[in-house]
Amino acid sequence: LPVVSMEMEIMDAIHNNDFVVLCGETGSGKSTQVPQFLVEAGYCREGKYLIGSTQPRRVAAISTANRIEEEMGGDPALPPSRRKVVHAVRYDVQKPGPDARIKV
């Protein structure tokens, strides 16, 4: 994915700015890769914080959460309390467990 090759530039921008707008083509990895960059950089220290990611539709939120979970070595079939990535959409909010790092 194109965003992977820009990881250092993206993370430098995040470290050095209070607000960053990331623009890229559909399918470039913005929604799936950037949250993982933040986890790897330690933005979820000690499980106290979750990285949030938004999606415009229910299906997009659920499929994005499942894809990130798989890419992080997890199993989307696990109950939310045992996942690293959970989702929250209208009437379907997964309560994050102690291992959760990202909420879509």
Side-chain angles (χ1 to χ4, degrees):
L1 296 170
V3 167
V4 174
S5 65
M6 302 288 296
E7 180 176 1
M8 297 308 272
E9 292 91 335
I10 292 168
M11 291 309 298
D12 282 343
I14 291 169
H15 288 304
N16 297 318
N17 296 283
D18 292 332
F19 190 84
V20 175
V21 175
L22 185 62
C23 299
E25 297 292 326
T26 300
S28 65
K30 300 177 303 293
S31 297
T32 59
Q33 299 303 305
V34 175
Q36 292 179 70
F37 297 164
L38 295 169
V39 169
E40 292 168 3
Y43 278 84
C44 310
R45 282 177 246 116
E46 303 164 15
K48 293 182 180 179
Y49 306 103
L50 287 176
I51 293 167
S53 176
T54 61
Q55 293 295 319
R57 291 170 206 79
R58 168 187 290 272
V59 173
I62 294 169
S63 63
T64 299
N66 289 341
R67 171 141 182 193
I68 297 171
E69 177 74 21
E70 287 176 351
E71 289 181 2
M72 292 179 69
D75 181 0
L78 289 174
S81 62
R82 295 182 50 210
R83 291 180 56 166
K84 297 174 188 171
V85 184
V86 295
H87 69 266
V89 294
R90 179 190 278 171
Y91 310 121
D92 182 13
V93 177
Q94 296 182 328
K95 184 176 183 202
D99 295 330
R101 298 293 178 260
I102 300 172
K103 188 172 187 176
V104 180

- Worked check of side-chain contact (heavy atoms from CB on, under 4.5 Å) between Leu38 and Met11: CA-CA 8 Å; Leu38 295 169; Met11 291 309 298; 3.9 Å; yes
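From Leu50, atom CG reaches atom NZ of Lys103 across 7.0 Å, with rounding to the nearest 0.5 Å. With rounding to the nearest 0.5 angstrom, the OG atom of Ser28 is 7.0 Å from the CG atom of Leu22. In this structure, Ile102 CD1 and Ser53 OG are separated by 8.0 Å, a value rounded to the nearest 0.5 Å. Between His87 atom NE2 and Asn66 atom CG the span is 7.5 Å, to the nearest 0.5 Å.
Shortest non-hydrogen contact noted between Ala65 and Val85 is O-CG1, 3.5 Å. Minimum interatomic distance between Val3 and Gly29 (heavy atoms only, all atoms of both residues): CG2-C, 3.9 Å. Between Ala60 and Ser63, the closest heavy-atom pair is O-OG, 3.3 Å.
The main-chain N or O of Met72 is found under 3.5 Å from a side-chain atom of Lys84 such that the two form a donor-acceptor pair. Judged by distance alone, the side chain of Lys30 and the main-chain N or O of Glu25 form a donor-acceptor pair under 3.5 Å. A donor-acceptor pair under 3.5 Å links the side-chain atoms of Arg83 to the main chain of Pro76, judged by distance alone. Counting only distance, with no hydrogens or angles, the side chain of Thr64 and the backbone of Ala61 share no donor-acceptor pair below 3.5 Å.
Put simply, Val39 and Val86 are part of two different groups of oily side chains (I, L, V, M, F, W, Y) that touch within less than 4.5 Å, one to the next. Taking hydrophobic clusters as Ile, Leu, Val, Met, Phe, Trp and Tyr residues chained together by side-chain heavy-atom distances below 4.5 Å, Ile62 does not share a cluster with Val104. In the hydrophobic clustering of ILVMFWY residues, with side-chain heavy atoms under 4.5 Å counting as a link, Tyr49 and Tyr43 come out apart.
Summarising the local packing, CZ of Arg58 is surrounded by more than 12 heavy atoms from other residues, nucleotides or ligands at distances under 6.0 Å. Enclosure of atom CD in Glu9 by more than 12 non-hydrogen atoms of other residues, nucleotides or ligands within 6.0 angstrom is indicated.
Checked against Ile68 for a side chain to side chain contact (heavy atoms under 4.5 Å, CB included), the options Arg101, Gln33, Gln36 give a single hit: Gln36.
Looking only at side-chain heavy atoms (C-beta outward), Met6 and Phe37 stay at 4.5 Å or farther from each other.
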